[in-house]
Amino acid sequence: MEASPNRCRKQAALLLFSILFLATTLAKAQDWVHTGTNLGAPKIRLAAADFKMVGNDAALSTAQLTFNQVLYADLTNAGIFDMVSKSLAPAVMPGSPQEINLSQWSSPPANAAMVAFGAINVQNGREIVYGWLFDAKNTQSPQVLGQQYNEEATPDTARHIAHEFADAIIARLGGIPGIAESEIYYISDRSGNKEVWQMDYDGANQHQLTHIGSICLSPRISPDGGRLAFDELNSHGSNIRIYSMSLHRMVSFPIHDGTDFSPAWAPDGNNLAFSSSRSGDPEIWISSASGFGLRRVTAYRGPDVSPVFNPKTGTQIAWISGRTGLPQVYIMESDGTNVQRMTDGGYATSPAWSPNGQFLAFAWARNYGPGAPGGQDIYVMDIASRRWIQLTHDIGRTDFPSWSPDGRHIIFQRTVGGHSEIWTMLADGTGQQALTKVGNSRMPNWSWK
Amino acid sequence: MKNYKMNSALASAALVAFLITTGCHHKQAAAPPPPPPPAAPAPAPTANITVTPDSIAPGQSAVLNWTTTNATDVSIDGIGAVETSGTKNVSPTETATYHLVARGDGGSTDATATLTVTQPPPPPPAAPQQLTEAEFEQNVKPIFFDYDAYSIRPDAQAVISQDASFLQSHPDAKILIAGYCDDRGSAEYNLALGQNRANAAKTALTQAGIDASRVRTISYGKEKQFCTEQNESCWQQNRRAQFSLDQ
């Protein structure tokens, strides 16, 4: 078939128009997602000076190194700062307000608007940190923040205090509490079985929580952080189990016939939604947090799975239904009324509701089927307008997004060649980095605070 | 079949009852008439026979124990002349009545003891109880599903028919159906899909005449794979409902 020159010109014009149209809609999309995920404000130019060692305890140099690394990483990860790189920062370690020369920091090449600095000491088994945040351009009254920490010295104390100080800075400059002290729960097979593991938000302190010896799936931490719901699958069936974070052991939850899985906490912590096949077809059910007062919410042939409450209101549920064929994202009131389909095709799974109630993150293979182009990626949809943006591109099969408490970050499962790891990124898709590097790590769930 | 068994049980109960009553009757009838003692006051013999235990299974033995007084000539039917008192091991293959007759100067008397030999239950269709997992797996084949589907394909329906006929000939076997999915798609959704595959297989078996109460279902989703390569023949292997013996 030959195309006439006229037709070619027409096609070129159409192409140009499409590109322009796409560019403008993308620009718009970036705007609304930035605003909604608290990433919209211009980034503040922030310098973090290395903290000065005071005293000569043997543990001090390790503590100082850890503290400086963790503080800098936390402030970088926050996503709201334009960090002054260590190579551009003045090679000084001001340990107190008397020792800092602000013009050193506010002038090129650092050009910092704000500077964090302070001192660290280990004395008589206590770790003592003084931290300040100064406005580098305000020489009259520069102090924005002055903090003092005095905690028992353990190998983890420097990391912990750095998280606390970073969160204080983020809360003051970013307007909402930081996430440096939040936790991530996930499934790992590195001990031989699929068990529930826990790690800090930055991938530190990875440790095994459960020792069940079967297959654990879908960990979900309660809003107060006290209980962990998950699914245990063995030859007797699939059941919801509860692990007490304060008692460090399993606590009772009624076991029923049939396949129960994918639990989700209501934001008040008083109810659990989950998928159950006790009536035959897998449907969404809600029970009290202790497993009683069961009521069925959906009643439609086809799989209904992966419920999640609107964390802002607690009155809506997003979930996945295969009632029309391939799985799609739906939302409804928690009594089962007002069902709305959110995705218009493809294969959509694993919805996660943003803390402000405005967005859904989910995994979506927009072209699904054997041999179909494209992959399964993480998307974010604005619920009111149903506009969406794609956050991951060509990095393998991604799934199970989960929002950080501040709504600025999303963790997800990334699978390449049958091997899964947990990754983190900002809610606009930038700043992607791996949090796990050992074994298979899956199904991450971020704590509520 | 059951009624027939019950009838034969009733019949044997009646027989035993008959034997007991006739035994008693016999004893009473055989009681020596009070001898008018005009001449020799020879005392009348007495006899007693017991068997312990009074019920055995075939091949086991029991002990006969008898005592007599004032008797000179003692015999037991089927055994012959015996001492005036003694014991003897017996192991009959069917229920036996031991009839002892004691004769003496004062006349004769008799006594009986019955040893019941319980018949083993006719070896019932014991075969299903011996069904091994290997035999089960050899005869009850898995069924396979289309991509993201849980409806029974025509080729699977044929397999279900064969599976059902084997299971009908082993009515005591309980069945566990596990649904599996291929490695693609999302883990939670696949748990539901696997459950629907297991449910569909259960419905098909039930329609083929298998009692639903014999069947339990479970889903492994994509958590256990039969084949781990990333190609269609491997994915097809993993999209299945697998039958196993539910212990």
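Just so it is clear: chains get the letters A, B, ... in the order the sequence lines come, proteins before strands, and each one is counted from 1. Values in this document were obtained by computation on a predicted structure and should not be read as measured data.
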| message | Just so I understand: if I count every heavy-atom pair under 4.5 Å between each of Ala149(B), Ser244(B), Gly185(B), Ala198(B) and chain A, which residue has the most? | response | Gly185(B)
| request: Answer with side chain, backbone, both or neither: which region of Tyr220(B) has an atom nearer than 4.5 Å to a non-hydrogen atom of chain A? | output: both
| Hey, which of Ser219(B), Gly221(B), Gly194(B) has the most heavy atom pairs under 4.5 Å with chain A? | Ser219(B)
| Once you round to the nearest 0.5 Å, how far does CD of Glu223(B) lie from CD1 of Ile215(A)? | 6.0 Å
| query | Where on Asn190(B) is there a heavy atom nearer than 4.5 Å to chain A: the side chain, the backbone, both, or neither? | reply | side chain
| Within the 6.0 Å centroid threshold, strictly below: Tyr368(A) and Tyr147(B) | yes
| said: Let me confirm one number: the OG-CG distance from Ser275(A) to Leu191(B), rounded to the nearest 0.5 Å. | reply: 8.5 Å
| request: Count the heavy atoms of every other residue, nucleotide or ligand shown that sit under 6.0 Å from OH of Tyr300(A), and state whether that count exceeds 12. | output: no
| remark: Here the gap from Asn196(B) atom CG to Ser277(A) atom OG, rounded to the nearest 0.5 Å, amounts to 8.5 Å
| Proximity breakdown for Asp260(A) and chain B, heavy-atom pairs closer than 4.5 Å | neither
| Pair Glu188(B) + Arg220(A), salt bridge at N-O below 4.0 Å | yes
| message | Is it the case that over 12 heavy atoms from other parts of the model lie below 6.0 angstrom from the CZ atom of Arg301(A)? | response | no
| query | Taking all atoms of both residues into account, what is the closest heavy-atom pair of Ala192(B) and Pro303(A), and its distance? | reply | CB-CB, 3.5 Å
| Interface moiety of Ser186(B) toward chain A, non-hydrogen atoms closer than 4.5 Å | both
